[in-house]
Number of protein chains: 2
Amino acid sequence: MNIQQAATASGLTVKTVRYYDDIGIMKADRRANGYRDYSAESVHKLAFLQRARSLGFSVDDCRQLMSLYDDKDRASADVKALAQIRIDDINRKLAELNSLKLTLTSLVTACKGDDRPDCPILEDLAGGHQ
Amino acid sequence: MNIQQAATASGLTVKTVRYYDDIGIMKADRRANGYRDYSAESVHKLAFLQRARSLGFSVDDCRQLMSLYDDKDRASADVKALAQIRIDDINRKLAELNSLKLTLTSLVTACKGDDRPDCPILEDLAGGHQ
DNA sequence: ATAAGGGTTCCAGTTACAGGAAGGTCAAGA
DNA sequence: TCTTGACCTTCCTGTAACTGGAACCCTTAT
């Protein structure tokens, strides 16, 4: 299977598939003419990568997930631990974003948003909360 | 004031302050010996940048905020609009992260996390949701 | 004179690709 | 057979916002 078809089938871009080959996370076979060649199993692994990336795992995380996936003797606890770390990340980001949102929302509420130059947002940015 | 002191006073790192000088968002004065020199007002602007960045404004947003800040005839509506865009961004990210969290949490819950190789997380990544 | 602790510039590395140039390959039609 | 167009290849650059480090200059104190 050509790279284009592999990309389409796995939900990735051609650029990304080539990149995954370059960094060695998903090596492609080569035909005599140098073209990359993807088997059904390779496409499956690419789709695995696509899904893992879309769930916010880093490419490095994916490297680990892939080796766990390939290891038929793995312990599911190892995978669970990786996923839990991701959840913790997400929780941290959620907390941070919620706090940002609160601050910005209160600023926007305080700002009249008219033609005059008084602006509580700029005042706050300039040091109101030091 | 030396760069070190300016950095400390504004809550930035020396590297960052130098970077802001390089990209022109906050140009420093220079002494005869070539050292950067920061006035109280410069430090104030650096602190403004620090606060805006910590609220999730991009450096490019900050460029606009700075010019609005410097412009005494600005309309506060302009600033309000920028802040609103940021809030919308944040809402989008919150929704995305919440959805990720739901998925990961249900996977982690389904995974026994023991020594055996059966792992719903890997199964899902491998195509459970196609 | 020298050593410590500033400062300077410039270059590489980070993440996960995207864009684009230059050129090789393949299948089909005139 | 030649050409055309759609593929494919590698390689280089750029992205955002810095960080780390090398090589070197300046200042101050001992």
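We name chains A, B, ... by the order of the sequence lines, and we start the count at 1 in each one. Quick caveat: nothing in here was measured; it's all calculated off a predicted structure.
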Taking [X] for the side chain and [Y] for the main chain, is one N or O donor matched with an acceptor at less than 3.5 Å?
X	Y	result
B:Asn98	B:Leu94	yes
B:Asp89	B:Arg86	no
A:Asp37	A:Met1	yes
A:Thr109	A:Thr105	yes
A:Asn2	A:Gln4	no

Just call it for [X]: base, sugar-phosphate, or nothing, with non-hydrogen atoms closer than 4.0 Å on any strand.
X	answer
A:Asp60	nothing
A:Arg18	base
A:Arg30	sugar-phosphate
B:Ile23	nothing
B:Arg36	sugar-phosphate

[X] [atom1] - [N] [atom2] separation (whole Å):
X	N	atom1	atom2	result
A:Tyr20	C:dT15	OH	C1'	11 Å
B:Gln4	D:dT27	CD	C1'	15 Å
B:Met1	C:dG6	CE	P	16 Å
A:Leu49	C:dA16	CG	P	12 Å
B:Phe57	D:dA16	CZ	C1'	17 Å
A:Gln5	D:dC8	CD	C1'	12 Å
B:Lys15	C:dT14	NZ	P	16 Å
A:Asn2	C:dG24	CG	P	19 Å

Please tell me if [X] has a side-chain N or O lying less than 4.0 Å from either OP1 or OP2 of [N].
X	N	answer
A:Asn33	D:dC8	no
B:Arg31	C:dG7	no
B:Thr16	D:dA17	no
B:Arg53	D:dA16	no
A:Thr13	C:dA18	yes

Discussion item. Less than 3.5 Å apart, any donor N or O on the side chain of B:Gln84 or B:Asp88 sitting next to an acceptor on the other?
Written reply: yes

Worksheet item: Using 4.0 Å as the upper bound for N to carboxylate O, is an ion pair formed by B:Arg18 and B:Asp21?
Response: no

Discussion item. Based on the rotation axes of five pairs at each end, what angle does the helix from C:dA1-D:dT30 to C:dA30-D:dT1 bend through, to 10°?
Written reply: 40°

Item to complete: Indicate the atoms forming the closest heavy-atom contact of B:Arg51 with B:Ser54, along with that distance.
Response: O-OG, 2.9 Å

Discussion item. Side chain of A:Val59, heavy atoms from C-beta onward: which of D:dT27, D:dA17, C:dC17 has the nearest atom to it?
Written reply: C:dC17

Worksheet entry | Among C:dA18, D:dC8, C:dC17, the nucleotide that comes nearest once only the side chain of A:Ile3 is considered | D:dC8

Discussion item. Here's a test of your reading of the structure: between B:Tyr35 and B:Ser58, which maps to the more 5' nucleotide of DNA chain D?
Written reply: B:Ser58

